[in-house]
Colleague: 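Questions regarding the structure given below will be posed in turn.
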Protein chains: 2
Amino acid sequence: MPRAPGQIDLAKTEAILDAAAEVFGERGLAASMEEIARRARVSKQTIYNHYGSKPELIRAIVDRRVAEITAPLLMPEAVDHPQEALAALGRSMLTAILTARGTSMLRMTVESAAEQPDLARAFFEAGPATSRRRLAEFLAMETENGRMAVDDPVLAAEFFASMVIGGHQIAQLLGVERQFTPAEIDRVAGEAAARFMKAYSA
Amino acid sequence: MPRAPGQIDLAKTEAILDAAAEVFGERGLAASMEEIARRARVSKQTIYNHYGSKPELIRAIVDRRVAEITAPLLMPEAVDHPQEALAALGRSMLTAILTARGTSMLRMTVESAAEQPDLARAFFEAGPATSRRRLAEFLAMETENGRMAVDDPVLAAEFFASMVIGGHQIAQLLGVERQFTPAEIDRVAGEAAARFMKAYSA
DNA sequence: TCTTGATTGGACTAATGCGTCCATTTTTCG
DNA sequence: CGAAAAATGGACGCATTAGTCCAATCAAGA
């Protein structure tokens with residue numbers, strides 16, 4: 001008997017998504033489907049078999065990223081030293097943002113925002129909004145514990161996240177940013193955590 | 001006698017720039033020259049007479065914005081209450097960023113960054129980099145005065161600017177952001193200044 | 001091996017858009 | 001008013017690209 005219908009090659013599906021994310025990141029959404037096909041070592045027709053159109057391909061890329069992003073966003077349980085927890089969170093945020101993958105995904109979403117507003121919203125919810133929400137909960141908890149004195153956890157969470165991320169995200173979008181060493185990431189996240197703790201000490 | 005050569009209509013020059021900035025902000029850089037001409041109530045040929053090509057038009061828009069942005073970026077002289085100076089600076093930064101004009105200009109620059117890296121760099125230098133540099137100088141001065149204790153003014157300036165701006169710039173780029181009232185701007189800038197002062201108190 | 005569906009690649013259509021050309025009209029200034 | 005330059009608008013050439021079509025090829029499973 002023949003191959004059952006609907007048996008499209010899953011490995012190719014991923015290869016297409018990877019290549020598309022890469023090319024869109026480099027050239028912007030103006031990148032051509034032909035180039036994506038070349039990069040994925042796949043025929044253009046195959047892309048259209050898997051995803052029906054360019055907008056749907058873009059959607060698929062962002063959706064996959066949203067799933068990736070949302071997963072590991074668990075705030076640590078209250079630990080003995082909230083400052084350490086904050087520094088760790090800061091490191092992971094900064095590391096994620098400085099990734100080429102993270103930047104190209106953001107650039108894509110920004111560019112498609114005018115045409116597909118729901119995509120941009122989903123991305124924002126999955127990334128920035130969720131992480132800040134979790135952080136706010138953490139700060140509220142630490143305040144109940146008496147280890148911090150955060151009167152407005154939502155605003156404070158915004159402050160901390162922003163201190164860590166800083167202008168780096170914008171700098172990445174503009175293509176203006178030297179490479180960061182892990183030591184520099186440590187230093188920024190550590191300083192941010194320390195100053196934040198001082199600003200919100202009980 | 002005839003009109004002297006090179007006597008292009010300066011009012012039209014501005015109208016073109018305004019319209020182009022508007023349309024690019026709405027549609028992205030994919031916006032057509034025809035639509036810009038329509039919006040500026042000018043013929044397409046006239047645009048090409050004033051600016052030679054689409055990239056040059058984009059450059060002209062960003063250059064104008066760079067000039068606008070750089071001008072008013074003067075940090076107040078040391079005042080009696082540095083917290084008030086910081087709050088004022090924060091208000092002006094946030095206000096500028098939440099402008100439709102500011103956002104569309106940033107979006108344009110981000111989109112053109114791949115093709116015209118020097119443009120993106122000029123924009124970054126004129127805006128974020130310069131304002132942070134001025135702020136860092138201010139913080140160093142206040143530290144010399146003994147009113148604050150800022151050991152790393154550059155990093156601290158980054159922290160303060162980021163606290164104020166927060167995720168709002170990204171949210172604007174993604175088209176995900178409700179309108180801000182002046183009262184909210186006041187509150188965010190005021191809180192940021194207060195917490196920052198506490199974090200860097202002498 | 002044989003059947004069937006997926007994949008390939010290359011040609012093709014339709015649309016869009018940059019930039020040009022040009023005859024006509026409008027503006028400026030002596 | 002009159003000459004020269006600029007602005008208009010509409011048509012046009014040319015390039016790019018999304019998406020389709022199709023005949024030939026490949027791959028998997030009974």
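Letters go in sequence order (proteins before strands), and every chain restarts at 1. A quick note: this is a predicted structure, and the numbers were derived from the prediction, not measured.
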Colleague: Counting only heavy atoms not in A:E144, do more than 12 fall under 6.0 Å of its CD?
Modeller: no

Colleague: How long is the line joining CD of B:E34 and P of C:dC18, in whole Å?
Modeller: 8 Å

Colleague: Going by the rule side chain to side chain contact (heavy atoms under 4.5 Å, CB included), which residues pair with B:V110 if we only count those two or more places apart in sequence or in a different chain?
Modeller: A:L173, A:L174, B:L106

Colleague: Looking only at non-hydrogen atoms, find the nearest pair between B:L135 and B:A157 and report the distance.
Modeller: CD2-O, 3.7 Å

Colleague: Excluding sequence neighbours, so at least two apart, what forms salt bridge (charged side-chain N to carboxylate O under 4.0 Å, His left out) with B:E34?
Modeller: B:K44

Colleague: Does A:S32 offer a backbone N or O that forms a donor-acceptor pair with the side chain of A:E35 under 3.5 Å?
Modeller: no

Colleague: In whole angstrom, what separates B:I36's CD1 from C:dC18's C1'?
Modeller: 12 Å

Colleague: Would a 4.5 Å heavy-atom cut-off, applied to side chains only, mark A:M108 and A:I58 as touching?
Modeller: yes

Colleague: For DNA chain C, which residues of residues 21-33 of chain B approach it to below 4.0 angstrom with any heavy atom?
Modeller: B:A31, B:S32, B:M33

Colleague: Go through residues 51-61 of chain B and report each residue with a non-hydrogen atom lying under 4.0 Å from DNA chain C, sorted by number.
Modeller: B:S53, B:K54

Colleague: Does A:H50 place a side-chain N or O at less than 4.0 Å from the phosphate oxygens OP1/OP2 of C:dT7?
Modeller: yes

Colleague: According to the salt bridge (Lys or Arg N to Asp or Glu O under 4.0 Å) rule, which pairs have a member within residues 108-129 of chain B, sequence neighbours left out?
Modeller: B:R59-B:D118, B:E125-B:R133

Colleague: Please give the angle, rounded to 10 degrees, between the axes at the start and the end of the helix from C:dT1-D:dA30 to C:dG30-D:dC1, where five pairs define each axis.
Modeller: 30°

Colleague: Enumerate the residue pairs fulfilling ring pair (Phe, Tyr, Trp, His ring centres under 6.0 Å) with a member in residues 91-137 of chain A, sequence neighbours excluded, ordered by first and then second residue.
Modeller: none

Colleague: Just grab all the salt bridge (Lys or Arg N to Asp or Glu O under 4.0 Å) pairs involving residues 151-171 of chain A, residues at least two apart or on different chains.
Modeller: A:R132-A:E158, A:D151-B:R195, A:D152-B:R187

Colleague: Kindly write out the residues that satisfy side-chain hydrogen bond (donor to acceptor under 3.5 Å, both in side chains) with B:D18, not counting sequence neighbours, or none if the list is empty.
Modeller: B:R64

Colleague: By a strict heavy-atom criterion of less than 4.0 Å, which residues belonging to residues 38-46 of chain B are in contact with DNA chain C?
Modeller: B:K44, B:Q45

Colleague: Does anything in residues 178-198 of chain A pair up under ring pair (Phe, Tyr, Trp, His ring centres under 6.0 Å), and if so which pairs, sequence neighbours excluded?
Modeller: A:F160-A:F196, A:H168-A:F180, A:F196-A:Y200

Colleague: Which atom names give the shortest non-hydrogen contact between A:E184 and A:R178, and what distance separates them?
Modeller: OE2-NH1, 3.3 Å

Colleague: Show every salt bridge (Lys or Arg N to Asp or Glu O under 4.0 Å) that has at least one partner inside residues 45-58 of chain A, sequence neighbours left out.
Modeller: none

Colleague: How long is the line joining OH of A:Y48 and C1' of D:dC22, in whole Å?
Modeller: 17 Å

